[in-house]
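Only this structure's heavy atoms are used, side chains among them; waters, hydrogens and symmetry mates stay out. Residue numbers run from 1 in the order of the sequence given.
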Amino acid sequence: MYKGQLLLSESCTDLSGLSAVDVVTGEELWSGWDAPAAAQPAGNCTAINEAASSIFFGCRCHARAHRHGAETDGAAAASGSGGSSSAGSGGSSGSSSSRKQPATAAGAWDSPTADDGAHAPNAACMYALSSSSGKLRWVLPLLGNATFPEGAQQGGMGPVLTGNLAIFLATDRVIGVNLLSGKLRWTLQLPRGEVLRSTELPVVDSDSEVVVIAAAVQGSNKTGLSGVSLREGRLLWHRTVNGTLQRGELQSSQGPLSLGLQRLTLAGGRVFVEACRGSRCCLRALNVTTGKQKWGMCLDAVQGDDATHPHAQFAIWFITLLTIVSIALLVLGAGLVYIQRW
């Protein structure tokens, strides 16, 4: 919902049937949007986020670079009915784990040919629409094998909007785009073997201009954490923790800190991370700009101490049943005594 508008989609994976409804009157404000023929969405869409009278999202799409020798893993920009833009590359990645993608010039792509139509989508497209009319402001296709995390739309993972930057989260990379012009600012490749999941939402520290991203390490029960510069798209720090991230509550009765922990939570220049591996759960506080651990604590759940453990569940049921039987016997005994006295 954005400024009294409720955005509705006909599909849980595609946003081609998008419409806006007034939340007070229920009146349909606009229905459908003018997706360009050169960048038709083809599912695998993200959730929608809103800013600056625009809505932003990404989808897999069909796009075709027709200029001879054009890069196949770059970006190209097209003008929409709401404005125009051209592609541009951002700041240096500055890390062996990051990679600045080559960009093709605006107009170096076109709609798929008849032969291309039979093939799978070949690009990840990022869109900006006017929230008042649904008209296209800009679209930026990233040609190549980039995809958005499965279930991103249902899981609420959309572009992260901060200042004049829209950060799109692909499965294996992070993309910074100027949210007003649609120009590519930077791209950052995740460390090898790490993939973004729709359940791992990043957090942004506007003061230090850092976004912290959590990714699953394939083939292991570990999570990779990365601090990325918003200005340059540079990897500032990276560390790996054992286990998968959890949701929970963190409260303090002796200070101002009282917050519900998401998988990543930001407060006081620190990012709080809770990860569990087996019966061992650890909560860490990391410096958001350096990734250095400020403090950490771990707890081991012994069989019978964890209420979710099968042994504990059996014990709970057994004790409950024993209590019920004891109460029943007491009531029956009291009844017999009363009858004998009567």
Side-chain angles (χ1 to χ4, degrees), residues 89-101 146 148-149 157 159-177 184-248 250 257 259 261-277 280-298:
S89 56
S92 172
S93 61
S95 168
S96 60
S97 298
S98 61
R99 176 165 54 90
K100 186 173 67 176
Q101 305 289 353
F148 297 106
M157 175 179 273
V160 177
L161 309 178
T162 174
N164 65 347
L165 190 68
I167 304 172
F168 290 84
L169 305 164
T171 304
D172 64 346
R173 70 197 73 182
V174 186
I175 307 147
V177 181
L184 178 67
R185 292 274 299 277
W186 48 261
T187 62
L188 176 74
Q189 193 79 23
L190 293 180
R192 185 181 300 275
E194 292 190 8
V195 294
L196 287 175
R197 298 181 298 192
S198 60
T199 54
E200 315 297 0
L201 303 181
V203 291
V204 174
D205 184 7
S206 300
D207 294 335
S208 58
E209 297 185 324
V210 174
V211 57
V212 180
I213 298 166
V217 179
Q218 292 180 306
S220 70
N221 187 13
K222 295 183 178 182
T223 300
L225 301 171
S226 300
V228 181
S229 165
L230 293 176
R231 187 182 297 272
E232 302 172 344
R234 181 167 54 91
L235 185 66
L236 300 175
W237 56 267
H238 177 268
R239 63 181 299 155
T240 302
V241 298
N242 289 326
T244 55
L245 301 192
Q246 305 293 312
R247 294 180 185 269
L250 176 64
L257 180 63
L259 45 98
L261 275 178
Q262 299 301 310
R263 285 181 165 82
L264 289 177
T265 300
L266 189 68
R270 299 177 182 181
V271 58
F272 297 88
V273 183
E274 183 186 9
C276 293
R277 184 176 186 178
R280 184 173 178 82
C281 293
C282 297
L283 176 64
R284 299 175 176 88
L286 310 178
N287 184 295
V288 72
T289 57
T290 65
K292 292 183 179 180
Q293 182 169 312
K294 292 295 184 179
W295 56 262
M297 59 179 297
C298 297

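- Among all heavy-atom pairs drawn from A215 and L190, the shortest one is CB-CD1, 4.3 Å.
- Under the 4.5 Å side-chain criterion, counting only non-hydrogen atoms from C-beta, I167 is in contact with L230.
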(request) Could you go through the side chain to side chain contact (heavy atoms under 4.5 Å, CB included) check for K294 and N287 one step at a time? (result) CA-CA 7 Å; K294 292 295 184 179; N287 184 295; 3.7 Å; yes
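- With sequence neighbours excluded, the residues that form a side chain to side chain donor-acceptor pair (under 3.5 Å) with R277 are N242.
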(request) I would like to know whether H238 and T240 meet side chain to side chain contact (heavy atoms under 4.5 Å, CB included); could you show each step before the answer? (result) CA-CA 7 Å; H238 177 268; T240 302; 3.6 Å; yes
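- The shortest distance between side-chain heavy atoms of M157 and L169 falls below 4.5 Å.
- Counting only residues at least two apart or on different chains, the salt bridge (Lys or Arg N to Asp or Glu O under 4.0 Å) pairs with a member in residues 200-217 are R197-E200, E200-R263, E209-R231.
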(request) I would like to know whether N221 and T244 meet side chain to side chain contact (heavy atoms under 4.5 Å, CB included); could you show each step before the answer? (result) CA-CA 6 Å; N221 187 13; T244 55; 3.1 Å; yes
(message) Could you walk me through whether C276 and C281 satisfy the disulfide (SG to SG under 2.5 Å) test, starting with their C-alpha distance in whole Å, then the side-chain angles of each, then the deciding distance to 0.1 Å, before giving a yes or no?
(response) CA-CA 4 Å; C276 293; C281 293; 2.0 Å; yes
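- Side-chain contact between L235 and L188: present, with at least one pair of heavy atoms (C-beta onward) separated by less than 4.5 Å.
- With contacts defined as side-chain heavy-atom distances shorter than 4.5 Å, the pair R284/E274 does not qualify.
- With values rounded to the nearest 0.5 angstrom, L283 atom CG is found 7.5 Å from F272 atom CZ.
- Residues V210 and V228 form no side-chain contact, since every pair of their non-hydrogen atoms from C-beta on lies 4.5 Å or further apart.
- Atom CZ of residue R173 and atom CG of residue L196 lie 11.0 Å apart, to the nearest 0.5 angstrom.
- The two residues L161 and A166 have their closest heavy-atom pair at CD2-CB, 3.6 Å.
- Going from atom OG1 of T187 over to atom CZ of F168 covers 13.5 Å, rounded to the nearest 0.5 Å.
- Residues Q293 and R270 have side chains not in contact (no heavy-atom distance under 4.5 Å, counting atoms from C-beta outward).
- Between L264 and L201 the shortest side-chain heavy-atom distance does not fall below 4.5 Å.
- Atom CG of L266 sits about 7.5 Å away from atom OG of S208, to the nearest 0.5 Å.
- Under the 3.5 Å distance criterion, the side-chain polar atoms of T223 are matched with a main-chain donor or acceptor of G243.
- No donor-acceptor pair closer than 3.5 Å links the side chain of W186 to the backbone N or O of V174.
- Side-chain atoms of W237 and V212, non-hydrogen and from C-beta on, do get closer than 4.5 Å to each other.
- Of all heavy-atom pairs between V241 and A275, the closest is CG2-CB, 4.3 Å.
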(request) Carefully, step by step, assess Q189 and E194 under the rule side chain to side chain contact (heavy atoms under 4.5 Å, CB included). (result) CA-CA 10 Å; Q189 193 79 23; E194 292 190 8; over 6 Å; no
